[in-house]
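Here is the structure we will look at.
Since the structure is predicted, the reported quantities are computational estimates derived from the model, not experimental observations.
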Amino acid sequence: MLSAAPSAVAEVPEAGTLQGQFARAAARHGVPESVLLAVSYLQSRWDVHGGAPSVTGGYGPMHLTDAVTALAGAAPHHSEGEEDARGDSSRTVRTAADAPLPAPAALPGRLRTLERASALSGIPADELRTGTAANIEGGAALLAEAQREAGLPASADPADWYGAVARYSGADDSATAATYANDVFDVIRTGESRTTDSGQRVTLPAAPAVVPATGQVDALGLRRPAAGPVECPRSVACEWIPAPYEEFGDGDYGNHDKANRPSSQSVDYIVIHDTEAVWDVTLKLVQDPTYVSWQYSLRSSDGHIAQHLPLKDVGWHAGNWFVNAKSVGLEHEGFLTSPDSWYTEAMYRTSARLVRYLAQRYDIPLDRQHVLGHDNVPGTVTSTIRGMHTDPGPYWDWAHYFQLLGRPLTPSAGPSAGIVTIRPEYSAHQPVYTGCVKAGEVCAPHGSGAVRLHTAPSADAPLVKDIGLRPGGQDSTTGVNDTGARASTGQSFAVAERKGDWTAIWYLGQKAWFHNPGSEPTAVNVRGLVLTPRDGLTEVPVYGRAYPEASAYPAGVPVQSVSPLPYKLLAGQRYVVGDRTPGEYYFAPVFDSSGHQVVRGQEEYYQIQFGHRVAFVKATDVRVSQS
């Protein structure tokens, strides 16, 4: 297919630079430089991650996969808490056990591309994992091989490389391979330029006239995705792999509940998880009736999406029944076991498209009180707080994710604003974490979207306490799974005080300080609504679920306790307001869904950003004002 002349870097890149390494590898293997750059951008945004693997064992800017090595030292992340994924205290506990790591021989080819790159380039595997120039050359060798296997010449025109790019994705179905290639060529057409995590500027000039030969994907011999009632935007590759709804004895059943949303209940939340398992294991787990469930799984290497439940039904994924009944769960392939876990740009992009689609369909605001991490979902009652899971963790790049969602986190108020939204510069912001590999051991430096909270405006001051996580009153820690003194990108908090380079926010019933220098701010100032205890109240209780008052329950439906968490919202403190919602409880205790019903009360609640996790307060206990 004809296109404009292939794009090229405007100036000869300096020897030894990342830009120069791309140019030399492209020339050596006969791959258009724009193709090599765009493929790398879709995998890693040209970041090198200090030689550490991605969540699925991909190394370097070309994401050459060696999952055998990457997963060899993996430990189960969910070992930090045994959460009841269903989160409904009226039923027996349903936990999700740690997924087994696959045997090396069982790993698919898409997770072992580094072996092939080594064979093609003659570069040792260890050098491909740790050396940037070697990694880029290995990726170029794989692209060149894909072009040869397609029987096509090493053309200088990027438009002729569509099939090779689709093959590079590792996808085993034609729709995902094409979606991946389309994204790569979108990058070529629009161009990109950014400073990478190694501090180098890399540029891909825009080539808007490039029209790729999209028909090449048909010759790859890939399968067609499983047909079914998928609910996905057209801009992603999505297939139907259903979760089972089955009885299996003694009145128990799994692995989700039938419902009729949004007619029965509104869908108000989208919950972001990571799978803690590789793709094939993830699919096996969600198809097990004795396991738990979620609506979508997303594959790291290429962004492929599988849908498991109709959106009208309720998955068991968030550990809080109120949230489960009103949310959609997205599980992203990966592990929070690596101290340098990172996710591919391909997955970030398809995930963002899916979230935009869901937000538009259900009128869900695109903010951090509605797009939650699993680590932002509150425990239902005091006894469940310590077991709540902490994925996707401090290494998920929320700022970039919200850019892709079309809702960048930008200031909307001046320097004296009453609310701040957490927004550190992800790559440069590298707080110390411990326990990634061994308890107490310092994790390797890594970009993070979370800030640490202290009891005073000093890095030497103790971290604030979380009495839900540590009833004995012990200090919070720097542990990678310890959310007790952590505020995350996109979360908004009421300002309690400002002093020099430090800002204090109201957090878990106390004043919490974070470093926020004007020269390198870690938050932006915004407008919004805040609430505080109404006049005459010195404190109000805080809840992990918004359940109805006892009088709202009809005969035959057991009353669910409205049990406060151990925290208090004190007079004079302010917290940022999310939704106002009536108390609701979805009664779904048995397999036969004919008796399922929604109990809705007169008592109303406000959702607030209370700590790292959201919480609820009764509307009658508080007054709301503009900050």
**Report entry** Derivation of the side chain to side chain donor-acceptor pair (under 3.5 Å) call for Asp482 and Ser476
**Finding:** CA-CA 7 Å; Asp482 188 344; Ser476 298; 4.5 Å; no
Query - Criterion ring pair (Phe, Tyr, Trp, His ring centres under 6.0 Å) on Tyr605 and Tyr547, from CA distance to verdict - result: CA-CA 9 Å; Tyr605 294 79; Tyr547 275 180; 8.8 Å; no
Quick one: do the [X] and [Y] side chains pair a donor with an acceptor below 3.5 Å?
| X | Y | result |
| --- | --- | --- |
| Gln43 | Glu345 | no |
| Tyr357 | Arg361 | yes |
| Thr483 | His612 | no |
| Tyr395 | Ser448 | no |

Under 3.5 Å, side chain of [X] to main-chain N/O of [Y], donor-acceptor pair present?
| X | Y | answer |
| --- | --- | --- |
| Asn324 | Arg86 | yes |
| Ser327 | Val323 | yes |
| Asp172 | Leu222 | no |
| Thr344 | Met347 | yes |
| Gln491 | Ser488 | yes |
| Arg223 | Asp173 | no |
| Asp288 | Thr290 | yes |
| Gln295 | Leu309 | no |
| Asn376 | Gly373 | yes |
| Trp279 | Ser301 | no |

Which residues share a salt bridge (Lys or Arg N to Asp or Glu O under 4.0 Å) with [X], sequence neighbours left out:
| X | answer |
| --- | --- |
| Glu246 | none |
| Asp302 | Arg299 |
| Arg580 | Glu604 |
| Arg261 | none |

Report summary line: The single option from Ile305, Thr350, Leu358, Leu354 that satisfies side chain to side chain contact (heavy atoms under 4.5 Å, CB included) with Pro233 is Leu354
What's the separation between atom [atom1] in [X] and atom [atom2] in [Y], rounded to the nearest 0.5 Å?
| X | Y | atom1 | atom2 | result |
| --- | --- | --- | --- | --- |
| Thr282 | His332 | OG1 | NE2 | 12.0 Å |
| Gln597 | Ser264 | CD | OG | 11.5 Å |
| Leu531 | Tyr606 | CG | OH | 7.5 Å |
| Met388 | Asn481 | CE | CG | 13.5 Å |
| Ser235 | Asn182 | OG | CG | 10.5 Å |

Requested in this report: Take Thr478 and Thr434, measure what side chain to side chain donor-acceptor pair (under 3.5 Å) needs, and give me the verdict at the end.
Outcome: CA-CA 6 Å; Thr478 58; Thr434 58; 3.2 Å; yes
At their closest point, which heavy atom of [X] faces which heavy atom of [Y], and how far apart are they?
| X | Y | value |
| --- | --- | --- |
| Tyr575 | Leu508 | OH-N, 3.9 Å |
| His374 | Gly319 | NE2-N, 4.5 Å |
| Val267 | Ile364 | O-CG1, 3.4 Å |
| Val617 | Pro541 | CG1-O, 3.7 Å |
| Thr65 | Arg112 | OG1-N, 3.0 Å |
| Pro53 | Tyr59 | CB-CZ, 3.6 Å |

Is it true that [X] and [Y] have ring centroids separated by less than 6.0 Å?
| X | Y | result |
| --- | --- | --- |
| Tyr507 | Phe610 | no |
| Trp396 | Tyr343 | yes |
| His63 | Trp342 | yes |
| His400 | Tyr426 | no |
| His317 | His273 | yes |

Requested in this report: Start with the C-alpha distance between Tyr401 and Ser351, add both sets of side-chain angles, then the distance that settles side chain to side chain donor-acceptor pair (under 3.5 Å), and finish with yes or no.
Outcome: CA-CA 9 Å; Tyr401 196 54; Ser351 179; 2.6 Å; yes
Query - Row check, Trp321 ring normal vs Arg545 NZ/CZ: under 6.0 Å, within 45° - result: no
Query raised in the report: Within a radius of less than 6.0 Å around CD of Gln360, do more than 12 heavy atoms belonging to other residues, nucleotides or ligands occur?
Result: no
Requested in this report: Verify the neighbour count for atom CZ of Arg356: are there more than 12 heavy atoms of other residues, nucleotides or ligands below 6.0 Å?
Outcome: yes
Could you tell me how the ring of [X] sits relative to the ring of [Y]: parallel (under 30°), tilted (30 to 60°) or perpendicular (over 60°)?
| X | Y | result |
| --- | --- | --- |
| Tyr586 | His596 | perpendicular |
| His446 | His49 | parallel |
| Tyr585 | Phe587 | tilted |
| Trp398 | Phe402 | tilted |

Query raised in the report: Only one of Arg600, Glu584, Lys326 forms a side chain to side chain donor-acceptor pair (under 3.5 Å) with Gln265, so which one is it?
Result: Glu584
Query - Steps toward side chain to side chain donor-acceptor pair (under 3.5 Å) verdict (His256, Ser293) - result: CA-CA 6 Å; His256 59 280; Ser293 60; 4.5 Å; no
Query raised in the report: Between Asp268 and Asp579, is a side-chain contact (heavy atoms from CB on, under 4.5 Å) present by the stated rule, with each step listed?
Result: CA-CA 9 Å; Asp268 296 335; Asp579 283 339; 4.2 Å; yes
Report task. Applying side chain to side chain donor-acceptor pair (under 3.5 Å), name anything that partners Asp257, two or more places apart in sequence or on another chain. Result -> Arg91, Tyr253, Trp316
Report task. For Val530 and Ile419, run side-chain contact (heavy atoms from CB on, under 4.5 Å): C-alpha distance rounded to whole Å, both residues' side-chain angles, the deciding distance at 0.1 Å, then the answer. Result -> CA-CA 8 Å; Val530 296; Ile419 299 175; 3.7 Å; yes
Query raised in the report: Are any of the side-chain nitrogens in Arg224 or Glu239 under 4.0 Å away from the carboxylate oxygens of its partner?
Result: no
Report summary line: Residue pairs meeting disulfide bond (SG atoms under 2.5 Å apart), one or both in residues 223-295, sequence neighbours left out, come to Cys232-Cys238
